[in-house]
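Reviewing the structure listed below.
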Amino acid sequence: MNKLKEVLQRLRPEFNKGGKYEKFRSTFDALDTFLFVPGHTTHGGTHIKDGIDLKRTMFMVVISMIPALLFGIWNVGYQHFRALGIESTLLENMIEGSIVVLPIVAVSYMVGLGIEFAFAQIRGHQVNEGFLVTGMLIPLCLPPSIPLWMVGVATAFTVVVCKEVFGGTGMNLLNPALTARVFLFFAYPAYMAGEYLSNGDFLWVSANRSEAIEGFSGATSLSLYGEKKAPVASLWEMFVGLEQGSIGETSVLAILIGALILIITGIGSWRIIVSVFVGGFVMGLILNAINAGLPIKEQSIYMAANPLSHLLMGGFAFGAVYMATDPVSAAQTNLGKIYYGFLIGVFTVMLRVWNPAYPEGMMLAILFMNVLAPLVDYFVIESNKKRRLARVK
Amino acid sequence: MSTSTATQTEVKPKSESLFSKKNRKLLTDPLDGNNPITVQVLGICSALAVTVQMEPAFWMSVALTFVTAFSNLIISLLRNTIPSRIRIIVQLSIVSLFVILVDQILKAYVYDISKTLSVFVGLIITNCIVMGRLEAYAMANKPLPSFIDGLGNGLGYGLILMIVAFFRELLGSGSVFGFKVFEAAGIPFIGNGVMMIPAGACIVVGLLIWAQRARNGYTEAE
């Protein structure tokens with residue numbers, strides 16, 4: 001490691017202003033600070049004790065995603081063998097899962113970082129670390145059967161249209177990972193919703209219909225509910241994550257471990273996380289009440305669903321913990337964060353139950369609230385002003 | 001963006017040849033540097049609505065070019081007799097005359113296209129480009145330059161429409177003018193649904209504006 005450091009030190013002057021490779025400064029900087037502690041310190045009369053910069057923030061988020069990633073890999077393998085009706089060990093599950101998941105992660109990072117580096121180079125600014133998180137979130141919110149080229153296209157789309165157009169990291173209006181997902185959802189709907197593809201491959205399980213055992217269903221709990229059927233998975237299975245779904249979203253347990261890391265380090269806002277869950281639960285209760293008031297014929301099993309199941313199904317927990325808390329696109333004021341999260345929860349459950357065209361409401365609810373977040377902040381600040389002015393009089 | 005960005009109210013010297021520098025500039029300016037869609041951001045509605053496929057987009061461009069050019073010509077001929085207080089209604093009636101004409105011709109000769117374009121031909125009457133050129137140019141200039149100006153703006157609109165439609169049809173349905181290119185080349189192709197919805201046109205137009213501004217070094221005025 002020391003050798004590498006020496007090499008980098010020796011090369012540094014070449015990349016400084018006037019050096020031979022001046023043009024590649026940002027690329028060099030990115031590599032250098034990625035491997036070692038940045039060489040610059042704060043100077044002047046600052047009172048910062050611990051300079052937690054973007055790189056460390058982003059790294060903590062990536063670490064908090066590791067439980068979900070590991071569980072996702074295991075679950076992809078587990079579901080694969082379950083579909084084939086074969087008993088499998090932990091190791092077999094992990095190997096099978098890695099074969100499916102790691103290429104998706106690799107494509108997402110390669111395409112995304114490639115474009116980020118290119119833009120940094122052209123515009124002469126530093127390569128930012130924002131993509132470390134986005135690059136991991138994209139694979140985790142996609143179905144395991146997604147073709148790799150689609151991952152590449154969606155990543156390229158989101159980096160260019162969602163981030164770079166607005167000025168790069170920290171400037172985006174929408175959550176980049178969700179923009180990638182929403183792009184795929186509208187561009188290739190057959191690959192993002194349903195039970196299996198036209199060639200017979202299951203959408204949410206890496207297996208083909210022809211090789212699966214009899215009676216195996218590739219439908220997720222969400223799509224079963226959407227068809228007015230009761231889901232197969234129990235609440236406990238949903239919580240642990242023993243069901244089909246996007247790679248990283250199935251296990252609420254793993255996601256909650258991540259949430260704990262985010263909250264303890266102070267990176268993720270607990271206000272948002274908690275209020276999303278509360279919002280979803282409250283809307284679930286409201287739907288139950290409405291359903292009970294309807295004539296028997298119009299009652300639906302989805303509206304009568306246990307509110308808890310809404311929080312455990314699909315990408316609800318994943319969205320609440322990793323997507324809604326994105327500090328760039330979320331509301332900024334503390335009170336605003338609570339409204340913002342609560343409305344995400346409410347809209348998610350509403351979309352799921354009342355709009356059959358969108359089996360998963362989380363994605364659209366978060367994007368919608370991303371757009372409304374500045375408005376939420378505006379009203380919070382205005383009401384705060386009003387209250388304080390009233391006190392003066 | 002409003003029509004006021006396009007005011008060109010200079011009065012021309014008397015005798016001038018048809019292909020003088022000024023006249024040529026009138027024709028070519030709207031194609032790039034002063035494009036009605038990408039620079040003035042007018043006529044966006046129809047640009048989003050009719051660009052799913054190239055053929056309807058082509059006929060829409062022809063229709064709009066025809067309407068803009070001839071209503072510019074007629075208004076310019078009448079410009080000294082139109083009382084300024086009722087000029088908008090006079091302009092509208094001239095425009096609607098040509099719009100109805102075009103609509104009937106399309107219905108008679110390319111009925112399928114006319115059905116695809118549906119209300120958007122009729123809506124040319126409210127197209128900002130047509131009204132914008134009448135107000136900004138034809139009301140203050142001689143007939144011939146006005147006609148050329150209308151033609152140029154119609155072509156500028158058509159150019160962008162065709163580029164947008166090209167990408168949308170190619171990526172959305174894998175064809176160009178209805179000819180399945182990917183199928184013919186034997187490449188497996190999966191249509192991109194985003195390109196089939198108006199949001200796709202919005203993104204393509206946006207990227208086009210980006211590319212054009214990067215090339216021309218255009219920056220937003222403070």
Side-chain angles (χ1 to χ4, degrees), chain A residues 115 118-119 121-124 142-143 145-168 171-174 176 178-194 196-199 201 203 357-359 363-364 367-368 370-371, chain B residues 1 35 37-39 41 44 47-49 51-53 160 163-176 180-183 185-222:
Chain A
I115 296 174
F119 266 94
Q121 214 63 86
I122 295 166
R123 292 188 171 165
L142 294 177
S145 66
I146 194 88
L148 291 179
W149 67 268
M150 281 188 196
V151 180
V153 170
T155 310
F157 176 84
T158 196
V159 172
V160 174
V161 173
C162 175
K163 270 177 82 182
E164 293 302 339
V165 159
F166 293 99
M171 304 292 211
N172 43 298
L173 280 176
L174 302 172
L178 273 182
T179 310
R181 194 179 198 278
V182 85
F183 173 80
L184 286 179
F185 184 81
F186 285 108
Y188 308 106
Y191 289 81
M192 293 298 287
Y196 32 77
L197 304 173
S198 53
N199 65 359
D201 277 348
L203 197 64
Y358 305 122
M363 167 177 77
L364 294 166
L367 288 174
F368 184 56
N370 279 169
V371 176
Chain B
M1 296 271 173
N35 191 286
I37 295 187
T38 59
V39 178
V41 197
I44 289 292
L48 301 189
T51 49
V52 177
Q53 275 166 341
I160 300 299
I163 296 175
V164 174
F166 172 75
F167 284 113
R168 283 185 74 184
E169 193 180 341
L170 184 72
L171 300 174
S173 21
S175 54
V176 174
K180 300 264 178 204
V181 272
F182 285 103
E183 216 166 81
I187 305 168
F189 176 78
I190 300 165
N192 186 324
V194 170
M195 288 297 150
M196 307 295 280
I197 52 178
C202 223
I203 291 165
V204 176
V205 171
L207 292 175
L208 214 58
I209 292 177
W210 185 10
Q212 193 195 15
R213 289 185 175 188
R215 192 177 65 109
N216 295 355
Y218 173 92
T219 47
E220 199 87 18
E222 287 293 313

Counting only heavy atoms not in B/F167, do more than 12 sit closer than 6.0 Å to its CZ atom?
no
Is B/I203 in contact with chain A via its backbone, its side chain, both, or neither, using a 4.5 Å heavy-atom distance?
side chain
Candidate polar pairs, chain B side and chain A side, donor-acceptor under 3.5 Å:
{"unit_1": "B/G193", "atom_1": "N", "unit_2": "A/A187", "atom_2": "O", "d": "2.6"}

Among residues at least two apart in sequence or on other chains, which ones pass ring pair (Phe, Tyr, Trp, His ring centres under 6.0 Å) with A/F157?
A/F183
